[in-house]
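Working notes, beginning with the structure itself.
Naming convention: chains lettered A, B, ... in sequence-line order (proteins, then strands); numbering from 1 in each chain.
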Amino acid sequence: MEKWSAATIRDFRRTLLDWYDQEGRDLPWRQDHDPYHVWVSEIMLQQTQVNTVIPYYQNFMATFPTVTDLANADEATLLKAWQGLGYYSRARNLQRAARQIVTDYQGHWPKTAAELTDLVGIGPYTAGAIASIAFGEVVPAVDGNAFRVFARLLLIDDDIAKPQTRQVFERAIQPIVDPKRPGAFNQAIMDLGASYMRAKNSDPEHSPVKAFDASYQTGRVADFPVKTKAPRPKLIPYYAVIVHSPAGYLLVQRDATQMLTGYWTFPLLLQADLPPADATETNNLAQDLAAITRQFKTDYQLDLDLTVVGGQPVSHTYTHQRWRVKLLVAELATTPSLAFFPGKWVAGSEIATLPLPKVQEKMMTRFQNQGHPAAFAKN
DNA sequence: TAGTCGTGGCT
DNA sequence: TAGCCAAGACT
């Protein structure tokens with residue numbers, strides 16, 4: 001690992017901040033240093049690209065202008081505002097933290113990184129970002145950009161995929177943070193990491209800090225940062241049961257034990273949960289259809305005549321799971337009671353008003369393209 | 001600690 | 001295409 005002298009540190013700060021003042025990005029959440037604005041933007045930006053966040057941020061601020069508005073919002077409105085951003089626990093934690101601020105802190109923000117970590121959804125990175133940008137605390141904000149930028153600048157070869165590596169970087173960066181402008185310093189590092197010092201297609205030759213870039217000076221940019229790769233997503237087969245009656249489509253809201261908590265989908269059944277097939281030559285699909293029909297009858301008192309929706313199964317890949325969803329449909333002439341089924345009927349024209357995950361949108365599109373073009377038409 | 005948790009862009 | 005990456009936190 002490289003060690004910088006006090007003179008080098010001063011030179012680096014000046015070079016970095018001069019560049020940032022000239023070339024730093026003009027982003028909606030950089031209009032001011034309001035902690036609410038900084039906080040919401042930082043949560044949205046977790047594992048999410050800037051261009052994706054911009055329209056969500058603008059809509060979010062129009063819908064929930066203050067932390068009090070967010071604390072008082074109903075969950076459906078909140079989840080709808082977050083729909084498509086992913087990592088949906090961020091949205092629910094955001095509201096939990098808003099309520100913490102309003103009730104536990106009487107609306108007064110904690111102003112240090114150490115205190116900010118007590119708010120749900122604020123970890124070491126986000127605490128450093130808010131503390132430095134909104135309150136001027138001299139602390140690093142170590143995100144993926146900071147890992148990458150300083151791994152290259154200082155030739156730090158610790159594996160950034162390992163949790164204990166964070167403190168290595170925090171200790172290395174802390175003395176370099178500009179004590180006069182810690183927020184600008186941290187944001188400048190992020191802008192650098194999103195431009196000249198990207199993970200792929202980096203351009204260290206034209207970087208404003210190339211003179212400080214030990215990886216570039218020694219021809220080893222591609223070797224930093226060191227990061228072990230994640231395991232491959234696991235294939236998980238599902239059946240989606242599309243039940244249509246005069247009252248609309250049968251939808252279920254995902255509970256707190258599941259991913260996509262609070263969002264609505266067609267009923268989904270794990271293929272692995274269905275009664276096992278015989279060890280004979282019998283058709284698996286037919287057996288599964290029979291098992292699903294039996295389950296709806298006995299558990300929910302719903303009589304379904306299931307048919308397979310044409311086309312390929314819907315495929316949707318998450319970070320650690322790859323869903324393969326076969327669509328089934330049952331058309332009912334009359335609307336049965338849902339006294340035994342944990343879901344509700346929703347008119348085709350009303351489904352889009354609910355918070356829906358991407359996989360549900362894919363299933364709806366596939367269904368429409370397989371002989372039901374007007375199923376979810378908007379009125 | 002290592003696994004969990006979404007989606008879109010890009011190669 | 002399949003895989004990696006993008007302003008991580010939580011358990």
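Residue contacts for Gly123(A): at a heavy-atom cut-off of 4.0 Å it reaches the sugar-phosphate backbone alone, with no base atom in range. Among the atoms of the strands shown, only primed sugar atoms or phosphate atoms (P, OP1, OP2) are found under 4.0 Å from some heavy atom of Met259(A). Across all strands, Val53(A) comes closer than 4.0 Å to no nucleic acid atom at all (heavy-atom distances). Looking at heavy-atom distances under 4.0 Å, Arg232(A) makes contact with sugar-phosphate atoms alone, never a base. Residue-level contact check: Trp29(A) touches the bases, meaning some heavy atom is under 4.0 Å from a base atom. Across all strands shown, Gln164(A) has heavy atoms under 4.0 Å from sugar-phosphate atoms exclusively, and none from any base.
In this structure, the nucleotide among dA2(B), dA6(C), dA9(C) sitting nearest to the side chain of Lys162(A) is dA2(B). Out of dT1(B), dC5(B), dA7(C), the shortest distance to the side chain of Tyr87(A) is found at dC5(B).
Not a single donor-acceptor contact under 3.5 angstrom links the side-chain atoms of Thr126(A) to the base of dG8(C). Judged by atom type and distance alone, Thr48(A) reaches the base of dG6(B) through a side-chain donor-acceptor pair under 3.5 Å. Below the 3.5 angstrom threshold, one finds a donor paired with an acceptor across the side chain of Arg25(A) and the base of dA7(C).
Residue Gln47(A) places none of its side-chain N or O atoms closer than 4.0 Å to OP1 or OP2 of dA9(C).
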Open item on the list: Apply salt bridge (Lys or Arg N to Asp or Glu O under 4.0 Å) to residues Arg166(A) and Glu170(A) and explain how you reach the verdict.
Closed with: CA-CA 6 Å; Arg166(A) 167 170 296 279; Glu170(A) 287 175 343; 3.7 Å; yes

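Note on Glu137(A) versus Lys111(A): no salt bridge recorded, every NZ/NE/NH1/NH2 to OD/OE distance being 4.0 Å or above. Salt bridge status for Asp157(A) with Arg220(A): absent, with no side-chain N to carboxylate O gap under 4.0 Å.
Side-chain contact, Arg148(A) with Asn145(A): a donor N or O sits under 3.5 Å from an acceptor N or O.
Comparing Pro357(A) and Lys200(A) by the nucleotide of DNA chain B whose heavy atom lies nearest to each, the residue mapping closer to the 5' end is Pro357(A).
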